[in-house]
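Encoded as C-alpha cells, the structure appears first; notes follow it.
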Amino acid sequence: MSNNQISLPAKLINGGIAGLIGVTCVFPIDLAKTRLQNQRNGQRTYTSMMDCLIKTVRSEGYFGMYRGAAVNLTLVTPEKAIKLAANDFFRSYLSRNGKGLTISGEMLAGCGAGLCQVIITTPMEMLKIQLQDAGRLAAQQRLILPTSLSNKVVATNPVLSRAYVSLAAVTRPMSATQIAKDLFYSQGFRGLYKGLGATILRDVPFSVIYFPLFANLNKLGQNSVDGRASIVHSFLSGCIAGSIAAVAVNPCDVIKTRFQSLHRGANEEAYSGIVDCARKIWRNEGPSAFLKGSCCRALVIAPLFGIAQVIYFVGIGEFVLGFSHFEVY
C-alpha cells in the first residue's frame with residue numbers, strides 16, 4: 001500500500017495478533033516481575049526470577065504462572081493495536097510535508113502513542129497486578145502464620161490478627177470480573193483508573209525512547225531495493241529497543257506497580273500519591289529498589305516488541321483484509 005492508503009483496521013489486526021502471541025510467550029516472566037517489585041526488604045519471599053517461578057509452580061501449579069493472563073489476553077489486543085497504530089498515525093501526520101521525520105518528531109509521535117494507550121493499559125494493569133500478586137501475599141501469609149501457631153495465639157496477637165485478616169481476604173479465589181465490579185461499585189471509573197498518572201509516567205517515556213530507537217535501528221538493516229529490513233533484523237531491532245526502553249523506565253514501573261496494588265502484606269506501607277510512593281521507596285529500601293524486576297521487565301518487553309514488529313512489518317492484517325500479500329524474507 002502507498003503511504004496515502006494507511007489502513008487502520010489492518011494495523012489494529014497486526015497489533016492485536018502481536019500482543020496475543022507476545023503475552024502468551026512471556027507472561028510468566030511478567031508475573032515474576034510484579035511479585036519481585038512488590039516485595040519489601042526484610043519480607044523477601046523470592047530471591048530471583050527463577051526462584052519466584054519455581055516457588056510459584058510448587059505452590060500454585062503450572063497455571064499459577066498465568067494468574068492474570070486472561071485479563072492481559074483480553075485487553076492486550078486493543079492496547080497493542082492502539083499503541084502501534086497511534087505511533088504510525090502520528091508519524092504519518094508529522095511527516096505529511098514529505099520531508100521525513102526528525103528525531104524530535106519521532107519522539108513526539110511516540111509520546112502521542114504512549115498517551116493514547118493508557119486508556120486501555122491502566123485498567124488492564126490494575127486488574128492484572130491484583131491477580132498476579134495474590135500468590136505472593138498467600139506465600140507471605142504462610143510464613144507469617146505457620147501452621148504450628150494455635151488459633152488462640154493468632155487471635156491475641158494484634159499485629160498477626162490484622163495481617164491475617166488482610167491477607168486472607170486477598171488469597172480467596174478472585175476473578176478479574178469480580179475485582180472490576182467491586183472497584184466500579186465502590187469507586188466508579190476512578191477505581192479502575194487508579195494509577196493513571198503513574199501509568200502515563202511509565203508509558204509515555206517508554207514510547208518516546210522505544211519508537212525512535214527502533215525506527216533508527218531498523219533503518220540500518222534496510223536494503224536499497226525496496227527499503228525494507230529483513231524479518232530477523234526487525235525482530236532484533238524490536239528486542240534491543242524494547243529492552244533498553246524497559247530498563248530506562250523501570251523506576252516508573254516499580255512506582256506504578258506499588259501504587260496500583262490494592263492489598264498489602266503485613267507491615268507494608270500505603271501510598272497517598274506518586275511522589276509519596278517514590279519518597280517512601282527511596283527512604284525505606286534505597287535507590288536500588290527502583291531497579292527491582294528490571295531484568296524480568298527487559299526479558300518480557302524484548303521478545304514482546306520483537307514479535308510485535310515482525311508481525312506488524314510482515315503485514316498479516318493487510319493480507320487478511322486483502323490489501324497485499326505478506327512475505328517472510
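These values consider heavy atoms only, across backbone and side chains, with no hydrogens, waters or symmetry-generated copies.
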Can a donor-acceptor pair be found between the side chains of [X] and [Y] at a distance below 3.5 Å?
{"X": "T121", "Y": "Q117", "result": "yes"}
{"X": "S261", "Y": "D133", "result": "no"}
{"X": "T177", "Y": "S175", "result": "no"}
{"X": "E79", "Y": "N72", "result": "no"}
{"X": "Q132", "Y": "D30", "result": "yes"}

Heavy atoms from other residues, nucleotides or ligands near CZ of R283 exceed 12 (cutoff 6.0 Å) |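 More than 12 within 6.0 Å, yes.
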For residues I209 and A248, report the shortest heavy-atom separation together with the two atoms involved.
->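 The answer is CD1-CB, 3.8 Å.
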In a check of side chain to side chain contact (heavy atoms under 4.5 Å, CB included) between I129 and each of K256, Q37, R258, which one passes?
->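 Only match with I129 under side chain to side chain contact (heavy atoms under 4.5 Å, CB included): K256.
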Thinking salt bridges, do K292 and E285 make one under a 4.0 Å N-O criterion?
->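 Salt bridge present between K292 and E285.
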Please determine if K194 and E125 form a salt bridge, counting it only when a charged side-chain N lies under 4.0 Å from a carboxylate O.
->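 Looking at K194 and E125, the cut-off is not met.
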Rounded to the nearest 0.5 Å, what separation is found between the OH atom of Y66 and the OG1 atom of T24?
->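 So the gap between those two atoms works out to 7.0 Å.
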Option from K55, R136, R35 for which salt bridge (charged side-chain N to carboxylate O under 4.0 Å, His left out) with E60 holds =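 Output: one option passes, namely R35.
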So, for F211 and F305, is the gap between ring centers shorter than 6.0 Å?
->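 Between F305 and F211, which both carry aromatic rings, the centre distance is not below 6.0 Å.
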Would you say the side-chain atoms of S207 pair up with the backbone N or O of D203, donor to acceptor, closer than 3.5 Å?
->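 The answer is yes, because a donor-acceptor pair under 3.5 Å joins these two groups.
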